[in-house]
Number of protein chains: 2
Amino acid sequence: MGYSIGQIAHKTGLSTHTLRYYEKEGLLPFIRKNSAGLRVFSDNDLGWLGMIECLKETGMPLKGIKQYIDWFIEGDSTLSQRLDMFQKQKKRIEEQIALLQKHMERINYKISLYEEAVKKGSLDAAFAIPELNEKRKQFLTKTDKKIQ
Amino acid sequence: MGYSIGQIAHKTGLSTHTLRYYEKEGLLPFIRKNSAGLRVFSDNDLGWLGMIECLKETGMPLKGIKQYIDWFIEGDSTLSQRLDMFQKQKKRIEEQIALLQKHMERINYKISLYEEAVKKGSLDAAFAIPELNEKRKQFLTKTDKKIQ
DNA sequence: ATTAAACCTAGAGTTAACTCTAATATAAAA
DNA sequence: TTTTATATTAGAGTTAACTCTAGGTTTAAT
């Protein structure tokens, strides 16, 4: 089955501009063109777009995605590089989730604080509540980022 | 206690350039300067940097963070806007975690696939394994992004 | 057969978030 | 007290990832 660039834009939520840009950047090297020079996308291309979306939304830059595609094209001699890439990406996802969960605690504290503040009509009044003021301290003690 | 911009750069992992840039963008309007014009950061400023980090790393653009700071400066008349902002940010974090977990499944599949491929020395050989080929289908069926 | 919609390329423009430079001033160390 | 490190500003430059434009071609609908 063949799809036009517009159909693929509709299916993926990407713009036709972005799809052409991805192709230009080497992220979609499998797309065929018909006799008139129009792109014809296959289900396989849609599959690649799914993989690109996955890697992009887990924080990989387009350059990194291109490297993966280049390795794929190179064939079985790059299997271990690709495995390594996916293992590193898994680790990155785990770190991202952990970071988001850490930040969620602070946001939850802020929500409690502001719920109370809205109720009382004053932020200072919310701080006066022992429980909230106690939890606040948790986020004030920041340790150094860089190791000396 | 007062800190120099260099000390804060060290503590936060941000560059002095970035710290000045943040101040210029209105993200750090509380920083004092000494008689010679040098910035003197307080523990409170460090606290703000912690909040900025939290919002930034959960996907809020600097513009959005500035809005929050502007609301803070405006005072108690903006409490509900700030509560709303944090509630929306919480929702965004939940969505981000859910998305990362979804993508993690695909990455886990790829890791299984490439572990097998590395073992066999061939990607096609890995696809020949029924279990992996079965799981593959899960990621081929993509539904449309846009609602018609 | 005509018109409107969708497509093509090359290349310019945009945005966010830095990142760096130059020329100069202040502070800390030897 | 001289050197070295750190700081200042204004403004230019960079990078990633789009996003758009212009001028022309192809396809689909009437």
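As the structure is a prediction and not an experimental result, all values here were calculated from the model. Each chain gets a letter, A, B and so on, in the order its sequence line appears, and its residues count up from 1.
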Practice task
Check every atom of dA7(D), dA16(C), dT19(D) against the side chain of Ile5(B) and return the nucleotide holding the closest atom.
Solution key: dA7(D)

Exercise for the section: Would you mind reading off the distance between Glu23(B) atom CD and dG11(D) atom P, rounded to a whole angstrom? Expected result: 17 Å

Exercise for the section: Using only side-chain N and O atoms of Tyr22(B), determine if any of them is under 4.0 Å from OP1 or OP2 of dC18(C). Expected result: yes

Practice task
Return the nearest nucleotide to the side chain of Thr18(B); candidates are dC18(C), dT19(D), dA7(D).
Solution key: dC18(C)

Practice task
Mind calculating the distance between CE (Met60(A)) and P (dA16(D)) to the nearest angstrom?
Solution key: 15 Å

Handout entry: dT9(C) OP1/OP2 closer than 4.0 Å to side-chain N/O of Lys33(A)
Key = yes

Handout entry: Pairing of Glu95(B) and Arg92(B) as salt bridge, 4.0 angstrom limit
Key = no

Practice task
Answer with yes or no whether the side chains of Gln96(B) and Thr58(B) bring together a donor and an acceptor at under 3.5 Å.
Solution key: no

Handout entry: Ion pair check, Lys120(A) and Glu116(A), cut-off under 4.0 Å
Key = yes

Problem - Below 4.0 Å: OP1/OP2 of dA7(D) and any side-chain N or O of Ser4(B) - result: yes

Problem - Nearest-neighbour nucleotide for the Leu38(A) side chain, dA16(C), dC18(C), dT27(D) considered - result: dT27(D)

Exercise for the section: Considering just the side-chain nitrogens and oxygens of Arg20(A), establish if one lies under 4.0 Å of OP1 or OP2 belonging to dT21(D). Expected result: no

Practice task
Would you name the heavy atoms of Ala126(A) and Ala117(A) that are closest together and state the gap between them?
Solution key: CB-N, 3.7 Å

Fill in the blank from the handout: Which of dA7(D), dT26(D), dA27(C) is nearest the side chain of Ala36(B)? It is dA27(C)

Problem - Proximity to the side chain of Pro61(A) - top-ranked nucleotide from dT26(C), dC20(D), dA17(D) - result: dA17(D)

Exercise for the section: Tell me which nucleotide among dT8(D), dT26(D), dC20(D) gets nearest to the side chain of His17(A). Expected result: dC20(D)

Practice task
Would you tell me if any nitrogen or oxygen in the side chain of Asn34(A) comes within less than 4.0 Å of OP1 or OP2 on dT27(D)?
Solution key: yes

Exercise for the section: Tell me whether the OP1 or OP2 atom of dA7(D) has a side-chain N or O from Arg39(B) closer than 4.0 Å. Expected result: no

Completion exercise
Between Lys24(A) and Gly37(A), the residue closer to the 5' end of DNA chain C by nearest nucleotide is Gly37(A)

